[in-house]
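Positions are given from 1 along the sequence. Start at 1 and go down the list; that is how both ligands and their atoms are numbered.
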Amino acid sequence: MSDKLQQRNGLDFAVADLSLASFGRHQMRLAEHEMPGLMSLRKEYEGQFPLRGARVAGSLHMTIQTAVLIETLVALGADVRWVSCNIFSTQDEAAAAIVVGPEGTVEAPTGTPVFAWKGETLEEYWWCTEQLFNFADGQGPNMILDDGGDATLLVHKGVEFEAAGAVPQATPEDHHEYTIILDTLRRSLASDPQRFTRIAADTRGVTEETTTGVARLYKLAKEGALLFPAINVNDAVTKSKFDNKYGIRHSLVDGLNRATDVMLGGKLAVVCGYGDVGKGSAETLRGQGARVVVTEIDPICALQAAMDGMQVVRIEDVVSEADIFITTTGGQDIITPEHMAAMKHNAIVGNVGHFDDEIDMAGLAKVPGIEKVEVKPQVHEWRFPDGHAVLVLSEGRLMNLGNATGHPSFVMSNSFTNQVMAQIELWTKPGEYEKQVFVLPKHLDEKVARLHLDALGVRLTELTKKQAEYLGVAVEGPYKPDHYRY
Ligand code: NAI
């Protein structure tokens, strides 16, 4: 793993190929034009550097859009190190462009340290995540920007084991990935027994991008175990009601097309989960002319799906008829080896929930006589002994990022504008937030939306003073109470 580690011009990094930087830079230029929220924050804070002194450890898909986020954090004064939060989601040209930087060259890079490449092993993934914590002069980070909570998890587990003075041995029941995390922390403890304890004490907070990471944070807070304040970026309206829904509406079909190029019209598609991501997934598949059915456990979301005109079924009802299965639940074991054994020949199985255990890939590999054939990277044919096969995308991991390049810039500008504002909030107000999970105030949510209106030619109606008084709101907002659901 460390053979990927390079040092050039005083910068450490580990990426696939630095010579891809100019390809990445061209794409970033186009992305910047599509990211008005981030670009206007750069303008608003020009010369002020609100993040000066912040050492931000970022773990979030290393895409072109994230590259624009990173350079926004840097423009606002932050010192940044970055990894991807998924083994397949890195765009190698984006990683290269960020290391080289806007002013640097491949020979003399002057950008930001990145440790990420497309197609990491799990061991490499956790090695990369560990590199996040090695800022210059032996310092650790003092801010975390997380997607899914892996960087936060490493700090919390690190502190727990440092307090105990030892890292436990993995048990046979432990997930393979957890044994790698334990190995990573064992190495860390041996070289510096107080490393994560210091990092946790220095960290002013974490801003978390996604539903799954946020769920982990609320769990820690409930147990009284959260070590620093957290801002739940996901539940900003301009994040989850846009990125999760409209973003997947773009990138799910993009991933299916790039992976399989199969005609979607007329096919029977099953969307498991009808939350924000499920709603966008169902809509986009329907837009392609697929016949979409939905599975749900929540009666409210099930009723929404039914009222949106989709049949709500149990997976067993359709498993042998459906052509495409997409999981969007953030849960576990949604598609089992038994389901896949009963599927049609060449049924497509993909997951867009955060972790890979929505599809029981470990169980699939254990089916007696099963054969795995690589069609191309991130597309595998799993041949059952009876002769039928299923096509599994991105090994069960986020296929919209593994088989395509994730959500487009415009929608990510909404998410990332929230991220930057959340970083500024926690960094500039030390001591004002307790070790709990917070959401950004509504006026900032409305600000994010406002920053994206001009680009779409939106002409917003302005309230008169009389109308505002009648509604009981201020002319300049916020316009809705916190309990409003959009
Ligand atoms: P959500 O909570 O709004 O939706 C999940 C839905 O799945 C809920 O309605 C829940 O009732 C349902 N569900 C749970 N267990 C189920 C089961 N066994 N069978 C059927 N339905 C079940 O969450 P959201 O925001 O839609 O996120 C879902 C996942 O997608 C999370 O893991 C999140 O981190 C991830 N995500 C992925 C993105 C991507 O680019 N691929 C973007 C944003 C979020």
Side-chain angles (χ1 to χ4, degrees), residues 59-61 63 65-66 84-86 88-89 146-150 208-218 232-256 270-284 293-306 308 310 312-319 325-336 339 350-360 393-394 396-409 411-412 414-416 418-419 485-486:
S59 167
L60 191 152
H61 311 290
T63 62
Q65 293 70 34
T66 303
S84 200
C85 62
N86 180 290
F88 294 130
S89 64
D146 222 350
D147 182 340
D150 279 352
E208 169 56 55
E209 176 80 359
T210 200
T211 315
T212 288
V214 160
R216 283 177 160 186
L217 287 172
Y218 281 111
N232 161 1
V233 170
N234 181 68
D235 286 296
V237 180
T238 47
K239 200 284 182 184
S240 50
K241 299 293 170 189
F242 288 79
D243 162 331
N244 302 24
K245 183 179 174 194
Y246 304 122
I248 205 74
R249 193 174 70 178
H250 173 104
S251 62
L252 169 62
V253 163
D254 189 9
L256 283 169
V270 186
V271 173
C272 301
Y274 202 67
D276 291 320
V277 175
K279 288 179 175 75
S281 300
E283 186 186 345
T284 193
V293 298
V294 165
T295 71
E296 252 299 344
I297 49 139
D298 179 333
I300 296 177
C301 299
L303 187 60
Q304 283 181 313
D308 285 339
M310 267 156 292
V312 181
V313 297
R314 291 195 173 170
I315 194 162
E316 293 75 18
D317 304 338
V318 288
V319 72
F325 296 82
I326 302 296
T327 54
T328 77
T329 69
Q332 283 182 323
D333 300 332
I334 307 302
I335 295 186
T336 62
H339 292 143
N351 168 43
V352 292
H354 193 79
F355 286 120
D356 62 333
D357 41 6
E358 296 212 21
I359 302 169
D360 180 5
L393 308 184
S394 289
R397 295 167 194 275
L398 296 168
M399 54 71 67
N400 63 315
L401 282 135
N403 297 92
T405 50
H407 299 349
S409 302
V411 84
M412 294 315 293
N414 285 263
S415 308
F416 290 166
N418 281 297
Q419 274 288 3
R485 292 196 172 91
Y486 297 87

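Given atom 19 (N) of ligand 1, the protein heavy atom at minimum distance is Ile297 CG2, 3.9 Å. Among all protein heavy atoms, the one lying closest to atom 9 (O) of ligand 1 is Glu296 OE2, 2.6 Å. With hydrogens left out, the protein atom closest to atom 4 (O) of ligand 1 is Gly275 CA, 3.2 Å, a heavy atom. Considering only non-hydrogen protein atoms, atom 27 (O) of ligand 1 sits nearest to Thr211 OG1, 3.4 Å. Residue, atom and distance of the protein heavy atom nearest to atom 33 (C) of ligand 1 are Thr210 OG1, 3.4 Å. Summary of contacts: the protein heavy atom closest to atom 32 (O) of ligand 1 is Thr212 OG1, 2.6 Å.
Between the Lys279 side chain and the Tyr274 main chain, a donor and an acceptor come within less than 3.5 Å of each other. For the pair Asn351 (side chain) and Gly396 (backbone), a donor-acceptor distance under 3.5 Å is present. A donor-acceptor distance shorter than 3.5 angstrom exists from the side chain of Glu208 to the backbone of Gly149, with no hydrogens or angles considered. Of the possible donor and acceptor atoms, none in the side chain of Glu358 sits under 3.5 Å from a partner among the backbone N and O of Ile335. Between the Ser240 side chain and the Asn234 main chain, a donor and an acceptor come within less than 3.5 Å of each other. Using modelled atom types, one side-chain atom of Asp298 and one backbone atom of Ile300 make a donor-acceptor pair closer than 3.5 Å. At distances below 3.5 Å, at least one donor-acceptor pair connects side-chain atoms of His339 with backbone N or O atoms of Thr336.
Between Ile334 and Phe325, the closest side-chain pair of non-hydrogen atoms is not below 4.5 Å. Counting heavy atoms from C-beta on, the side chains of Phe88 and Leu393 never come closer than 4.5 Å.
Annotation: Lys239 places no N or O atom under 3.5 Å from an N or O atom of ligand 1; distance criterion only. Inclusion of Val277 in the set of residues having an N or O under 3.5 Å from an N or O of ligand 1 is warranted. Looking at ligand 1, you'll find an N or O of Asn400 within less than 3.5 Å of one of its N or O atoms. Ligand 1 has no N or O atom lying under 3.5 Å from any N or O atom of Tyr274, backbone or side chain. For a threshold of 3.5 Å applied to N or O pairs, the pair formed by Asp243 and ligand 1 contains no separation below that value. At least one N or O atom of Val352, backbone or side chain, sits closer than 3.5 Å to an N or O atom of ligand 1. Taking distance alone, with nitrogen or oxygen atoms compared against 3.5 Å, Glu358 stays at or beyond that limit from ligand 1. The shortest N or O to N or O distance between Asn234 and ligand 1 is not below 3.5 Å.
Using a non-hydrogen distance threshold of 4.0 Å, Gly330 registers as a contact of ligand 1.
Under a 4.0 Å criterion applied to the non-hydrogen atoms of His407, ligand 1 contributes the atoms 40 (O), 42 (C). Atoms of ligand 1 lying under 4.0 Å from at least one heavy atom of Leu398, given by number and element, are 41 (N). Taking a cut-off of under 4.0 Å to the non-hydrogen atoms of Thr328, the atoms of ligand 1 that pass are 5 (C), 28 (C), 29 (C). Each of the following atoms of ligand 1 lies closer than 4.0 Å to a heavy atom of Asp298: 11 (O). Residue Thr295 has at least one heavy-atom neighbour below 4.0 Å for each of these atoms of ligand 1: 20 (C), 21 (N). Of all atoms in ligand 1, listed by their number and element, those nearer than 4.0 Å to a heavy atom of Ile334 are 17 (C), 18 (N).
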Please evaluate residues Ser281 and Leu252 with respect to the criterion side chain to side chain contact (heavy atoms under 4.5 Å, CB included), reporting the C-alpha separation (whole Å), side-chain torsions for both, the decisive distance (0.1 Å), and the verdict. CA-CA 7 Å; Ser281 300; Leu252 169 62; 3.5 Å; yes
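Side-chain contact, Ser394 with Asn403: a donor N or O sits under 3.5 Å from an acceptor N or O. Checking Asn86 against Asp147 by side-chain atom types alone, no donor-acceptor pair falls below 3.5 Å. Side-chain contact of Asn414 with Lys239: a donor-acceptor pair under 3.5 Å is absent, judged by distance alone.
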